[in-house]
Amino acid sequence: MVKRLSESIRKPDYRGCPFTNTLLKFPDTAHLGHQAALKCRIEKEGTIAQIARLAGARNPEALAAQLEMLYSGAFVENYLHKPDSDSDNFYNAAMLLIQAQLTEVDKQI
């Protein structure tokens, strides 16, 4: 999933997450478009948490929220810095988050 998102960011016509774009276009929380887009974002984050849970992440919900935040920032940065943006930055940062959650060593020792 992270690899696919990283590849999407590289495309010249990439305009970011359609759900986030819809949320920004329709900020009124009562708007049906806003509600539908928010539901999709929440479901997507839930799916990521489920995958993280199956992979053995220590805190799958936190990992999902962090990856969503990273992705949102990555598409904005890519849009601002085209064509010089490096989507490998997103991929590498996402992999660091994932690896930190999957490592068996307790970092609080």
Side-chain angles (χ1 to χ4, degrees):
M1 179 179 235
V2 171
K3 183 84 167 156
R4 190 179 78 225
L5 291 173
S6 181
E7 290 168 354
S8 294
I9 292 169
R10 287 187 181 120
K11 295 179 182 175
D13 61 344
Y14 181 74
R15 300 276 299 160
C17 173
F19 307 124
T20 301
N21 291 340
T22 301
L23 289 168
L24 295 172
K25 180 123 177 125
F26 301 102
D28 179 359
T29 58
H31 191 281
L32 292 178
H34 183 97
Q35 292 174 4
L38 184 58
K39 180 181 177 203
C40 289
R41 280 292 300 246
I42 291 169
E43 287 174 357
K44 184 173 79 162
E45 191 170 318
T47 298
I48 294 168
Q50 183 178 17
I51 293 167
R53 191 173 299 104
L54 291 171
R58 284 193 310 271
N59 189 337
E61 288 75 19
L63 178 57
Q66 292 165 354
L67 289 172
E68 282 289 317
M69 186 184 317
L70 181 64
Y71 171 69
S72 294
F75 85 74
V76 170
E77 283 298 306
N78 181 66
Y79 184 75
L80 293 174
H81 299 289
K82 282 184 180 179
D84 299 322
S85 182
D86 184 356
S87 68
D88 285 339
N89 289 333
F90 164 73
Y91 179 80
N92 294 333
M95 294 310 295
L96 285 172
L97 288 172
I98 292 167
Q99 289 169 0
Q101 280 280 333
L102 297 180
T103 186
E104 293 184 30
V105 177
D106 188 358
K107 294 186 177 191
Q108 295 183 359
I109 294 178

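Since this is a predicted model, take the numbers as computed values, not measurements. For the single chain, residues carry numbers from 1 onward in sequence order.
The minimum heavy-atom distance between Pro60 and Gln101, with the atom names listed, is N-OE1, 4.4 Å. Thr22 and Gly33 get closest at one heavy-atom pair: CG2-O, 3.5 Å. Annotation for Leu97 and Gln66: closest pair CD2-OE1, 3.6 Å, computed over non-hydrogen atoms. Here the closest non-hydrogen pair linking Ala64 and Glu45 is CB-O, 3.4 Å. For the pair Leu102 and Gly56, the tightest heavy-atom approach, listed with the atom from each and the gap, is CD2-C, 3.7 Å. Minimum interatomic distance between Leu63 and Ala57 (heavy atoms only, all atoms of both residues): CD2-CB, 4.1 Å.
Around atom CD of Gln50, no more than 12 heavy atoms belonging to other residues, nucleotides or ligands sit under 6.0 Å away.
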Item to check | His34 and Asp28: CA distance, side-chain angles, deciding distance, side-chain contact (heavy atoms from CB on, under 4.5 Å) verdict | outcome: CA-CA 7 Å; His34 183 97; Asp28 179 359; over 6 Å; no

Checklist entry - Phe75 and Thr20: side-chain contact (heavy atoms from CB on, under 4.5 Å), yes or no, with the steps? => result CA-CA 10 Å; Phe75 85 74; Thr20 301; 3.7 Å; yes

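Ion pairing between Glu43 and Lys39 holds under the 4.0 Å rule for side-chain N and carboxylate O.
Under the rule for a side-chain hydrogen bond (donor to acceptor under 3.5 Å, both in side chains), the partners of Asp88 that lie at least two apart in sequence or sit in another chain are Arg10.
For the atom pair CZ (Phe90) and CE (Met95), the distance works out to 10.5 Å, reported to the nearest 0.5 Å.
Among Thr47, Leu54, Ile48, the one residue that satisfies the side-chain contact (heavy atoms from CB on, under 4.5 Å) test with Ile51 is Thr47.
Tracing side-chain contacts under 4.5 Å through hydrophobic residues (I, L, V, M, F, W, Y), one reaches Tyr71 starting from Val76; they form part of the same cluster.
Other residues sharing the hydrophobic cluster of Leu23, ordered by chain and number and joined by side-chain separations under 4.5 Å: Leu38, Ile42.
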